[in-house]
Amino acid sequence: MPDRTRYDLDRDDWSTLLAAEPRFRLEQIWNGLYHQGRDLSQLSNVPSGLRDRLDVDAPLALTLVTESVTDGGDTVKFLWELEGGARVETVLMHYADRSTVCVSTQAGCAMACSFCATGQAGFERHLSTGEIVEQLARARSRAAEGPTPRRVSNIVFMGMGEPLANYDATWAAVRRMHTDMEIGARHLTMSTVGLVPGIDRMAAENLPVGLAVSLHAADDELRDELVPINRRYPLEVLMASCERYVEATKRRLSFEWAMIDGVNDRFVDAERLADLARPLRAHVNLIPLNPTPGYAVRGSSGNRVRAFRSELEHRGVNVTVRDTRGTEIDAACGQLRAGHEATPVQRPRRRTPS
Ligand code: SAH
């Protein structure tokens, strides 16, 4: 993984790079890139000769391959190529009250969740801190463009990869986003398959970000199948770690639940899920399963999702049904594999019930 790209460099690195320049340059560039969220090319107060040198000495990490827009302009998916040729995606979503960026932390993923397109593709490599931070920087400038500029307020670590399997780079990115890009801890959400050592490390950090656990099953037998890492960190161990996280950070926990027809959408699943969620006061996010090439089972019907939701609510659990943003451009949860195609192709329109 590279460590010298533009957003990998910390202040000291920049200070070294700018050693021959007047002192104020460091502040000018750091502020421009981070606090003002501008590209180097837009920093017109920096001499163009210096900008040219920095383009070489502090190169960008992400090369845009394609940008797809859907939902009337409210969802933008970026497909990037990284050094070495791996590809990852970032999704920018505008809502009435906020704009959210969904970032990737690895090219591919080693967790092998059966229903997830990234998991089906396998692991390529970790992303560096700079490669993660740059996704936000680039999405943020894109959001600020156009007739209705928007400010990115929320970040979710729900793109490709398992963030806690790339802990150091991911956490350094979280810190940079929080400290230098003005994203409050409450507006950062880490999503994980449930790597217990990583959750415990997060609990010990002094930055209480939101935690989303991709549960999908509330009994070990089914979870072993859907989320294989469950064999290493079974539910009892995972729930104890979630409890420690909530205790240490006082942050709300959420459980992600992709609704899979006849697999995890039965009455008994709602009952077991409620039993796990209630004591932790966890919020449940139901995500209608997005179809992926390697998993033949369908998502639950709209009726089934509604019934499951009522069952949980009846048992005192807070539930939301996540909308399937970006489905048409394969930007929905677990679908980002489309980005692995060497050349962008026009895909048939697909819809899932939302
Ligand atoms: N590895 C992390 C973050 C990336 S996935 C994690 O597992 O949490 C983000 C979310 O999308 C996870 O909850 C994941 O389980 C879910 N997801 C993956 N594939 C999906 C699919 N085909 N349909 C719906 N949700 C999916």
Side-chain angles (χ1 to χ4, degrees), residues 88-91 93 100-124 126-127 132 135 155-167 170 173-174 188-196 198-199 202 209-218 222-223 225-230 233 238 242 245 253-261 263-265 273 282-300 305 320-327 330-339 350-354:
V88 296
E89 300 189 42
T90 305
V91 189
M93 291 161 285
T100 299
V101 174
C102 175
V103 298
S104 296
T105 54
Q106 297 178 317
C109 186
M111 297 297 121
C113 300
S114 47
F115 54 90
C116 174
T118 310
Q120 290 156 17
F123 178 70
E124 284 180 75
H126 291 305
L127 264 57
I132 301 169
Q135 294 173 57
I155 314 300
V156 294
F157 287 78
M158 292 186 184
M160 296 169 79
E162 167 51 42
L164 301 187
N166 182 17
Y167 191 95
T170 298
V174 164
L188 288 156
T189 301
M190 191 65 73
S191 181
T192 177
V193 286
L195 296 187
V196 165
I199 297 173
M202 274 175 61
V209 304
L211 177 65
V213 173
S214 300
L215 205 58
H216 308 306
L222 179 58
R223 196 161 191 271
E225 212 178 283
L226 296 176
V227 184
I229 199 69
N230 192 67
Y233 306 112
L238 176 57
C242 288
Y245 190 80
L253 172 71
S254 51
F255 288 150
E256 309 288 296
W257 195 276
M259 296 224 35
I260 312 174
D261 188 37
V263 172
N264 66 354
D265 63 355
L273 170 55
H283 186 102
V284 172
N285 261 320
L286 301 176
I287 318 165
L289 181 82
N290 288 304
T292 57
Y295 189 70
V297 189
R298 283 178 312 161
S300 309
V305 175
T320 45
V321 178
R322 165 110 35 95
D323 66 358
T324 50
R325 276 298 183 95
T327 313
D330 281 332
C333 301
Q335 277 194 326
L336 297 178
R337 163 144 168 88
R350 281 203 219 117
R351 285 195 178 275
T352 52
S354 52

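Atoms within a ligand are numbered from 1 in the order they appear, just like the ligands themselves. Note that the numbering runs from 1 along the sequence shown for the chain. Model, not experiment: these values are computed from the prediction.
At least one heavy atom of Gly159 sits closer than 4.0 Å to an atom of ligand 1.
Between Ile199 and Leu238, some side-chain heavy-atom pair lies under the 4.5 Å cut-off. Two residues are said to be in side-chain contact when any heavy atoms from C-beta on lie closer than 4.5 Å; Leu289 and Tyr295 meet this criterion. A 4.5 Å side-chain heavy-atom check between Cys242 and Val213 finds at least one atom pair inside the cut-off.
Judged by distance alone, the side chains of Glu162 and Thr105 never bring a donor and an acceptor atom under 3.5 Å apart. Looking only at atom types and distance, the side chain of Thr292 has a donor-acceptor partner in the side chain of Gln120 under 3.5 Å away.
Near Val193, meaning under 4.0 Å from any of its heavy atoms, are these atoms of ligand 1: 6 (C), 7 (O), 8 (O). Per-residue contacts place Asn290 under 4.0 angstrom from the following atoms of ligand 1 (heavy atoms of the residue considered): 21 (C), 22 (N), 23 (N), 24 (C). Short contacts between ligand 1 and Cys116, defined as distances under 4.0 Å to a heavy atom of the residue, involve ligand atoms 18 (C), 19 (N). Applying the 4.0 Å criterion to heavy atoms of Gly161 picks out, from ligand 1, the atoms 1 (N), 2 (C), 3 (C), 4 (C).
Residue contacts with ligand 1: Ile287 is placed with no nitrogen or oxygen under 3.5 Å of a nitrogen or oxygen of the ligand (distance criterion only). Considering both main-chain and side-chain atoms, Thr292 never comes within under 3.5 Å of ligand 1 through any nitrogen or oxygen pair.
Asn264 places a side-chain N or O within 3.5 Å of a backbone atom of His216 that can act as its donor or acceptor partner. The closest donor-acceptor contact from the side chain of Gln135 to the backbone of Thr90 lies at 3.5 Å or more, if one exists at all.
With a 4.0 Å heavy-atom cut-off, ligand 1 is reached by no atom of Thr118. At a 4.0 Å heavy-atom cut-off, ligand 1 touches Glu256 through the side chain alone.
Of the candidates Met259, His216, Met190, the one placing a heavy atom closest to atom 14 (C) of ligand 1 is His216.
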